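Here the structure comes first, spelled out in structure tokens, and everything after it is commentary.
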2 protein chains.
Amino acid sequence: MSDSIWQAIHAEPASGNPFSSNCPSRVVLDHVTSKWGVLVLAALAESPRRWGELHRYIEGISEKMLAQTLRALEGDGFVLRESAGTVPPRVDYSLTPLGRELADLLVPLVRWVGDNVGRTAGAEALGRTA
Amino acid sequence: MSDSIWQAIHAEPASGNPFSSNCPSRVVLDHVTSKWGVLVLAALAESPRRWGELHRYIEGISEKMLAQTLRALEGDGFVLRESAGTVPPRVDYSLTPLGRELADLLVPLVRWVGDNVGRTAGAEALGRTA
DNA sequence: CAGTATCCGCCATGATACTG
DNA sequence: CAGTATCATGGCGGATACTG
């Protein structure tokens, strides 16, 4: 990875340099790389899904965090929420074109981690980082 | 992204399926996608750096979090720590080959977010996700 | 079904002080 | 310079109850 890339970003505050503490990209990056954000995006990258499907598919996520994560990603413009307006309700979530771009970068990363967990020193040794 | 990929993982508990709540990949994924982990990895992807350099380069990170993040990533086998053993101390951090693989996936993601912050719906609207 | 509202614990995070 | 130790806190995240 050439240094010039980052240095260009560093020199140009108008674009988003995540290394700057006041950069808005930090916020988006936090959404994207949040504990659940990455899994929600990866799940939706496979196919559009309904609320309940997501809830079941992403094991361990609470209703609160699913709602919160979805709203954050929707707010970022990565996720599209479509309510059927029927009763009982039916709501479908999918990736926006922007979200698709992001997911195309994110999914390989998630896959790599999943595939290479065994090669990491730990996961045992990692019980806690503190 | 083909569904079959994920489904294969789903069907094979031996590999790491991040959608499973008990999967070790969740832990590593949390390290990698942690607030500071992603920035540390991206910073080291540019070039090896000393402690102080990292501290200054990654704006806003506290000493504690830098140390903690570095130790977590070192424990995962992504980061190599080399102490010169001199006094005053000099410690260099760099990516391991495994870390390099990971960074090659991670850096494009970070760059994309940085480059596309302006296209996201918000960063203004995102003040808080709660 | 698809959420929202509320309460709450705990840990991640941060600030400060100290050290080899 | 390169950390560690300690303390304080806030907000992330979970559980539960409730609703249209």
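Keep in mind it's a predicted model, so treat the numbers as computed, not measured. Below, read A as the first sequence line, B as the second, and so on, with proteins coming before strands; counting in each chain starts at 1.
- When the side chain to side chain contact (heavy atoms under 4.5 Å, CB included) test is applied to B:Leu105, the partners found at least two apart in sequence or on another chain are A:Pro108, A:Leu109, A:Trp112.
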Give me, pair by pair, the N or O atoms of the protein and of nucleotides 17-20 of chain C that are less than 3.5 Å apart, along with how far apart they are.
| residue | atom | partner | partner atom | Å |
| --- | --- | --- | --- | --- |
| C:dA17 | N6 | B:Glu63 | OE1 | 3.4 |

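- In this view, B:Arg81 satisfies the salt bridge (Lys or Arg N to Asp or Glu O under 4.0 Å) rule with no residue, not counting sequence neighbours.
- A residue-by-residue look at A:Lys64 and A:Leu70 shows that A:Leu70 has its nearest nucleotide of DNA chain C further toward the 5' end.
- In the set D:dA2, D:dG14, C:dT13, D:dG14 carries the atom at the smallest distance from any side-chain atom of A:Lys35.
- Under the salt bridge (Lys or Arg N to Asp or Glu O under 4.0 Å) criterion, A:Glu53 pairs with no residue, sequence neighbours left out.
- Applying the salt bridge (Lys or Arg N to Asp or Glu O under 4.0 Å) test to A:Glu82 and every residue at least two apart in sequence or in another chain returns nothing.
- Note on residues 18-27 of chain B: no pairs pass salt bridge (charged side-chain N to carboxylate O under 4.0 Å, His left out), not counting sequence neighbours.
- The distance between atom CG of B:Leu66 and atom C1' of D:dC1, rounded to the nearest whole Å, is 13 Å.
- For the side chain to side chain donor-acceptor pair (under 3.5 Å) test, no residue two or more places apart in sequence or in another chain qualifies with A:Arg56.
- Between B:Asp92 and B:Arg49 there is no salt bridge, since no side-chain N of the basic residue sits under 4.0 Å from a carboxylate O of the acidic one.
- In terms of the side chain to side chain contact (heavy atoms under 4.5 Å, CB included) criterion, residue partners of B:Val79 (sequence neighbours excluded) are, by chain and number, B:Leu41, B:Leu44, B:Leu70, B:Leu73, B:Tyr93, B:Leu95.
- Bending across the helix from C:dC1-D:dG20 to C:dG20-D:dC1, expressed as the angle between its end axes from five pairs apiece, amounts to 50° (10° rounding).
- Side chain of A:Trp36, nearest nucleotide from D:dA2, C:dA2, D:dG14: D:dG14.
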